[in-house]
Amino acid sequence: MQLALDLGGVFVFGLSGALVGVRNRLDVLGILMLAGLTGLGGGVVRDVLIGSVPPANLADWRYLLVPALAGLVAFRFHPRLSRIERYINWFDALGLGLFCVTGAAKALQFGLNPVAAALLGMLTAVGGGILRDVVAGRTPLVIRNDEVYALAALAGACVVVVAWETGWYAPWVAVAGAGVCIALRLLAIRYSWRVPRAQSPD
Amino acid sequence: MQLALDLGGVFVFGLSGALVGVRNRLDVLGILMLAGLTGLGGGVVRDVLIGSVPPANLADWRYLLVPALAGLVAFRFHPRLSRIERYINWFDALGLGLFCVTGAAKALQFGLNPVAAALLGMLTAVGGGILRDVVAGRTPLVIRNDEVYALAALAGACVVVVAWETGWYAPWVAVAGAGVCIALRLLAIRYSWRVPRAQSPD
Amino acid sequence: MQLALDLGGVFVFGLSGALVGVRNRLDVLGILMLAGLTGLGGGVVRDVLIGSVPPANLADWRYLLVPALAGLVAFRFHPRLSRIERYINWFDALGLGLFCVTGAAKALQFGLNPVAAALLGMLTAVGGGILRDVVAGRTPLVIRNDEVYALAALAGACVVVVAWETGWYAPWVAVAGAGVCIALRLLAIRYSWRVPRAQSPD
């Protein structure tokens, strides 16, 4: 169950990376590389930082096949994918919710302090997208725009961290944390919530 | 004392990252992320490379709060910060001096050879700025311009490495190394010293 | 012999990084940094991912001097280097072939699964160039264009992986894998083979 959801998150993030590759007219191998970087990058960075190497994402070959599949689907069916972009937003929110709680929980298991665990949960969720954009040569979307995206991931991670520190952690807490993140993300899209920007310096 | 100086360096570098975020009109979370990346990135990369994981920067929550504070200060007071940009240059030189000696010393403690230790000292000092610029979507300043910046950090790191290898290492050597770096940096700003560029190929 | 070939690969990749620095009119330290990043980056990323830290590239000072030498050669002789750019393509193919087999073999020694080992072999070969381009502020060449480059490295790595998994691995297999990669790369240049791009979305 956990594995299936996790692979689902990798698939959706892989799709988003592959679609950036399609838009930049990369060749098929470049698209696969962007799909892998986006789907697996966040988890790999987290595992390197907490000292869990080789990263679980690389040590299990199923994690490597899923973004390849996502890349091939995007390469072959991309006109249809852009028509279903709205659904991609939903899947992306799902991936965000899953990754922020699994990232925070793994950091806590490896003994990191609560602040670091919350940040690593957020980083697991948004790190793949940052790598995707840096390698694709554009300012990372999560940093550039003011949508409630990293903030939703941080909120979901905080649910896990608070429950862990107060001794309430249980599988349903992870589900609740993911739910908080997903709900926050979808509500923010629906109602166009924004994170305040700095005033333009003049 | 060491901790206070180190946190001071993180704060100053965090400010420089946050100001780049303010200039790019990022939202407040993006500014905090750039502040953290700039203040902590160099040390995190060094620790990952020498195998000291989780990085000391993440394992101690005080290191995580300082760039958050720097980010909030920049977000709130940025018009005043740009008025004091000259002082920021001084603080930045201080951070550079502190990080190059602590970076080199830690690499030597972990058994790296002198050449690698000097390079890792330099990387600790300039790495956060490189990550800041890459994520903010511009060519890293330290590479793009020809100021005496990475060179000053390398000189400070070399002081530590030479003293270590000749058996003279002591706390005052670290202070001396930082002093060499800071003096070189400030003199270079004052007298516009430049590192030679390659001639334009034609 | 292995060491000499490996250092040769570092030198050639270092040259390619340094030439990008020369073209961007960096100062001499920036050129050295790009040379080091390009020559050593792929191996460093591989070693961090498989948990072999400090990376072999940093732990042995000879690996650090070679890109410095490449950087100085490029800085001093770059007009002549651009005249011999064709030969650089040959040397680059040599570096690609060497790095993809040593990368895959090291990943297998550290117990990674075959799929991950093949990918890490490819990453070792192309990772330095990706880092070079990201830091130099351009979309990585290996992703942007549709030449047979990463694909050649992947093919060479697969030779090693298949031989390892079937119990046939021997030094000559590594040579054969490098040969497959080099031949594929040079034939692709000679006959302008291309990897298919995604159709432009409309």
Side-chain angles (χ1 to χ4, degrees), chain A residues 17-37 40-41 43-45 47-49 51-68 71-83 85 131-139, chain C residues 44-53 55 106-120 122-123 126-127 129-155 161 165 188 193-202:
Chain A
L19 285 174
V20 169
V22 167
R23 267 178 215 133
N24 289 6
R25 303 218 47 233
L26 302 186
D27 66 38
V28 62
L29 198 61
I31 290 170
L32 292 179
M33 285 164 80
L34 268 191
L37 197 66
L40 306 173
V44 166
V45 169
D47 283 357
V48 166
L49 290 180
S52 164
V53 284
N57 275 347
L58 296 184
D60 182 338
W61 59 267
R62 286 169 298 188
Y63 280 92
L64 298 171
L65 292 190
V66 166
L72 292 176
V73 165
F75 182 69
R76 182 71 188 74
F77 298 110
H78 60 83
R80 239 173 287 176
L81 281 178
S82 50
R83 242 180 289 152
E85 203 141 17
L131 289 173
R132 172 199 65 204
D133 291 342
V134 164
V135 166
R138 56 183 207 178
T139 309
Chain C
V44 166
V45 169
R46 175 204 60 210
D47 284 357
V48 165
L49 290 179
I50 64 177
S52 165
V53 286
K106 189 161 183 185
L108 290 165
Q109 280 162 22
F110 274 73
L112 272 85
N113 63 68
V115 183
L119 290 174
L120 282 172
M122 182 184 77
L123 188 65
V126 306
I130 291 178
L131 289 174
R132 172 197 66 204
D133 290 343
V134 165
V135 167
R138 54 183 209 179
T139 310
L141 209 58
V142 59
I143 281 188
R144 190 177 49 197
N145 74 22
D146 55 357
E147 288 187 15
V148 176
Y149 191 84
L151 193 63
L154 188 59
V161 167
E165 293 297 315
W193 293 342
R194 299 291 175 194
V195 180
R197 284 183 193 272
Q199 292 173 333
S200 100
D202 39 15

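Treat the numbers as computed from the prediction; the structure is a model and nothing was measured. Throughout, a chain's letter reflects where its sequence line sits, starting with A, and its residues are numbered from 1.
The candidate from Gly36(A), Pro54(A), Gly137(A) with the greatest count of non-hydrogen atom pairs under 4.5 Å with chain C is Pro54(A). For chain A, the option among Leu112(C), Ile130(C), Val142(C) with the highest count of heavy-atom pairs below 4.5 Å is Leu112(C). Comparing Asp133(C), Val195(C), Leu154(C), Leu123(C) by how many heavy-atom pairs each has under 4.5 Å with chain A, the most go to Val195(C).
Closest of all the heavy-atom pairs between Val53(A) and Gly51(C) is CG2-CA, 3.4 Å. Taking all atoms of both residues into account, the shortest heavy-atom contact from Ala136(A) to Thr139(C) is O-OG1, 4.0 Å. Between Arg197(C) and Arg25(A), the shortest heavy-atom distance links the atoms NH1-O, 2.6 Å.
Heavy atoms closer than 4.5 Å to chain C are found in the side chain of Leu64(A), but not in its backbone. When heavy atoms are compared at a cutoff of 4.5 Å, Ile31(A) approaches chain C solely by way of its side chain, counted from C-beta outward. Of the atoms belonging to Val134(C), it is side-chain heavy atoms, and not backbone ones, that fall under 4.5 Å from chain A. Residue Val126(C) touches chain A through its side chain alone, counting heavy-atom pairs closer than 4.5 Å. Interface remark: Asp47(A) contributes no atoms to any contact with chain C (heavy atom separation under 4.5 Å).
Note: Asn24(A) CG to Arg144(C) CZ = 11.0 Å, rounded to the nearest 0.5 Å. The line from CZ of Arg62(A) to CG of Asn113(C) is 10.5 Å long, rounded to the nearest 0.5 Å.
Between Leu49(C) and Val48(A) there is a side-chain heavy-atom pair separated by less than 4.5 Å.
More than 12 heavy-atom neighbours from other residues, nucleotides or ligands sit within 6.0 angstrom of CZ on Arg194(C).
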